[in-house]
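Here is how names work: the chains are called A, B, and so on, in the same order as the sequence lines, proteins then strands, and each is numbered from 1. The structure displayed is predicted, hence computed values, not measured ones.
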There are 2 protein chains.
Amino acid sequence: MRRHYATIKDIARALNISVSTVSRALRDTYDVNAETRQMVLDKAAELNYRPNFNATGLVKNSSHNVAVLLPAITNYYFSTVFTGIQEVAYRHGYNLILHVTNDDAERELNIIRSLSFSSLDGMLVSVSSQADACDHFQEIIDDGVPVVFFDRVAEHVGTSKVMQDDYNGAFEATEHLIAKGYRRIAHLAGPQGLTFTANRLQGYLDALRKHKLPVQESWIIHSGFGQESGYQDFQQLWELPEKPDAIFAVNDRKAVGAMLAMKEMKIIPGKEVGVIGFTNDPVSAIISPSLSTIAEPAYEIGRVSCQLLLNHIRKKNFVAEEVVLPGKLIERESTQRNR
Amino acid sequence: MRRHYATIKDIARALNISVSTVSRALRDTYDVNAETRQMVLDKAAELNYRPNFNATGLVKNSSHNVAVLLPAITNYYFSTVFTGIQEVAYRHGYNLILHVTNDDAERELNIIRSLSFSSLDGMLVSVSSQADACDHFQEIIDDGVPVVFFDRVAEHVGTSKVMQDDYNGAFEATEHLIAKGYRRIAHLAGPQGLTFTANRLQGYLDALRKHKLPVQESWIIHSGFGQESGYQDFQQLWELPEKPDAIFAVNDRKAVGAMLAMKEMKIIPGKEVGVIGFTNDPVSAIISPSLSTIAEPAYEIGRVSCQLLLNHIRKKNFVAEEVVLPGKLIERESTQRNR
DNA sequence: AATTTCACCGGTAACGTTACCGAAAACGTC
DNA sequence: GACGTTTTCGGTAACGTTACCGGTGAAATT
């Protein structure tokens, strides 16, 4: 049976002083004698007192809770971002309520509808990939709830956003393939409608254009983010009359999927078909041949997002910021022609 | 600026009825006319009413929050367990507050100290690996807070526990190596002091004993759970005068680390030295040669743990249960002598 | 000595919600 | 038509905490 936790009243009664004095003593040394304060602190420790966040939240109209909305947690990128978020939240005494949407727009909506914003100080969100409609987020923001988007941002929603430099990363990845001698470069893109899918595609296109290479519509395939998508996409590419000689994948998992398909077809990645990914997922170093990629600053994105949100929560007239963090090319075996 | 959310009082005022009636209408059709109820529901929707969980939590002495304590989230096993937990919690309307300990006992303690159990309905925890002292957990349980341990359990704490069948999994893994013709089998173990490290070690030892194979003390290395640990451990093994011809690693990441070390030394996994892991991390299928392993029911462990906790929260006189879920041998290339 | 100042403390109301009890109205029964 | 029963509602207190204001006594000032 659940025992009764010691409250501020219990301390007051035990010490024969008033609850207001105890309350003051417990959080700040304002209007309270040093001795009294020490007395209260000692008694609180003795009774194993824990503040009731429901009560403080009620009167101060703020819990110390922040909701985090993620498409998934079982992948390197999001779990690393979360770890970064967590680091900052932990240091500032905030709790993180994690909701996973499974990349399902309906579930995302359900979760948002069930949130109690009266017991939430803010939100960190990476939207699900099929969410075309983002009105629900705008509503929340209009209600004055601090929200920070990261990675997958809702473009037309007016609030802070943190992301990696998708355009330049994609540009650099594509240019790297070109520098290595590949000429017929395909792109395994993400789902349509996401800002960062579009940005990476644009970086790819502009790099091709700069080097006067042809853009083949059939070499650009939009599909999901999973490994299987990359696997299928490569098979589709290989049925084309005109086959590419290199692949830039929107993320490492799709690149890995493509490499597995190549392995089955006895095609050697790098030597015959160059492959580069995006993320720097640990598997990219483990797979053989190892996968060249653009490293994303996942941990940093988490840290910065959370820091921004906390500023937003604390400052009264906070103006939304957009932060873009650079990626970094990591050259490995999958883009080396001669090994 | 944060706007004021509609409360139950606003609804009452707008409809010119009492708050108690609104309260009753809002949650259950008890003692309230159907028309009145519909009126309230409509008005609530119109005003975009959201219940204040701080208030309900205060009066009912229970939020709908469950704390989840994990050593890390950036790995396949824990993130999958969390996904399972999340599935059940979502269906029952519970929020998950995720705390990551980074496998640091001090941080674990800090987190626990800062928890407000008055606004927590229960806890799901996998203890950090260096936590020898688990008194703090016992205190919490004595205070009547429902707690369920999973995977890394605190042995002497009296509460529900959910884990995979470490002993039999390890036994099966070792026996598989033996069946494949390996005879000098080493074990890359986890840190001392953890129940499941001990169980896997025992399974390994008993399998050797059953088949009358020698137990070499120097072939059993205790270290961390990371890939680097596996890498270093293998190097240490290979400096031994008497080298093993197979390795059973306590998890896939250490097995992968060992395989990477082998790769550098031009040793071919499987052919020369058999390797088997534990977990069925997705990398085990991606790495080449692919890694044989014991698949852990991670998702199931999460589901069952959460379900058990919810039962614990709801039933008044709940008796602690221990659930052990079986693993499954997955045979891949790293244990095939002739390929 | 009278007054002002200051440090410290207590009482009350409030935050949004639910539990509990009593009251009023509507209904049925004889 | 008097009575009991049922349905439906309202008022009050409480959950644990903080904000606000007012009061007490001692010290400092004149």
(message) Check this for me: does the side-chain of B:Arg50 come within 3.5 Å of the base of C:dG16 through a donor and an acceptor?
(response) no
(request) Specify whether A:Phe137 and A:Phe149 have parallel, tilted or perpendicular ring planes, treating 30° as the upper limit for parallel and 60° as the lower limit for perpendicular. (result) perpendicular
(request) Looking at every strand, decide which applies to A:Arg27 at a 4.0 Å heavy-atom threshold: base, sugar-phosphate, or nothing. (result) sugar-phosphate
(message) With a 6.0 Å cut-off on the ring centroids, do A:Phe225 and A:Phe78 count as close?
(response) no
(message) From CG of B:Asp10 over to C1' of C:dC15, roughly how many Å is that when rounded to an integer?
(response) 13 Å
(message) Given the structure, check if the side chain of A:Asn33 and the base of C:dC8 hold any donor-acceptor pair shorter than 3.5 Å.
(response) no
(request) Kindly state which residues belonging to residues 16-23 of chain B come within less than 4.0 angstrom of DNA chain D, counting heavy atoms of the residue only, listed by number. (result) B:Ile17, B:Ser18, B:Ser20, B:Thr21
(request) Give the rounded distance in Å between these two atoms: CG of A:Leu26 and P of C:dC9. (result) 14 Å
(message) Please tell me whether A:Gln38 and A:Asp42 have a donor and an acceptor in their side chains that are separated by less than 3.5 angstrom.
(response) yes
(request) Round to a whole Å and report the spacing from CD of B:Glu35 to P of D:dT7. (result) 16 Å
(request) Please check the phosphate of C:dC15 (OP1 and OP2 only) for any side-chain N or O of B:Lys9 closer than 4.0 Å. (result) yes
(message) In whole Å, I'd like the distance from the CZ atom of A:Arg37 to the C1' atom of C:dA7.
(response) 15 Å
(message) As a test of reading the structure: which of C:dC9, C:dA19, C:dT17 is closest to the side chain of B:Ile8, going by heavy atoms?
(response) C:dT17
(message) Does A:Val32 reach a base, just sugar-phosphate, or nothing at all? Heavy atoms under 4.0 Å.
(response) sugar-phosphate
(request) Could you please spell out the steps behind the side chain to side chain donor-acceptor pair (under 3.5 Å) verdict for A:Glu106 and A:Asn110? (result) CA-CA 6 Å; A:Glu106 191 187 329; A:Asn110 271 337; 4.5 Å; no
(request) Answer with base, sugar-phosphate or nothing: what part of the nucleic acid does A:Tyr49 contact at a heavy-atom distance below 4.0 Å? (result) sugar-phosphate
(request) Would you indicate, yes or no, if C:dG16 has its OP1 or OP2 atom less than 4.0 angstrom from a side-chain nitrogen or oxygen of A:Ser118? (result) no
(message) Would the distance check show the side chain of A:Ser128 and the main-chain N or O of A:Pro71 forming a donor-acceptor pair, the cut-off being under 3.5 Å?
(response) no
(message) Please pick, from C:dG16, C:dG10, D:dT17, the nucleotide with the shortest atom-to-atom distance to any side-chain atom of B:Leu58.
(response) C:dG16
(request) Check the distance between C:dG16's C1' and B:Lys60's NZ and give it to me in whole angstrom. (result) 13 Å
(message) Rounded to the nearest 0.5 Å, what separates atom OG1 in B:Thr80 from atom CG in B:Asn75?
(response) 8.0 Å
(message) Looking at B:Asn33 and B:Glu35, would you say the former's side chain and the latter's main chain have a donor-acceptor pair under 3.5 Å?
(response) yes
(message) Looking only at the side chain of A:Arg24 (C-beta and beyond, no hydrogens), which of the listed nucleotides C:dG10, C:dT18, D:dT18 gets closest?
(response) C:dG10
(request) Specify the separation, in whole Å, of atom OH of A:Tyr5 and atom P of D:dG16. (result) 14 Å
(message) How long is the straight-line distance from OG of B:Ser116 back to OH of A:Tyr5, given to the nearest 0.5 Å?
(response) 9.0 Å
(request) Report yes or no: is there a donor-acceptor pair, N or O only, under 3.5 Å between the side chain of B:Asn61 and the base of D:dC15? (result) no
(message) Using the side-chain heavy atoms of B:Asp31, tell me which of these nucleotides is nearest: D:dC9, D:dG16, C:dA19.
(response) D:dC9
(message) Classify B:Asn52 by what it touches in the nucleic acid, base, sugar-phosphate, or nothing, heavy-atom distance under 4.0 Å.
(response) sugar-phosphate
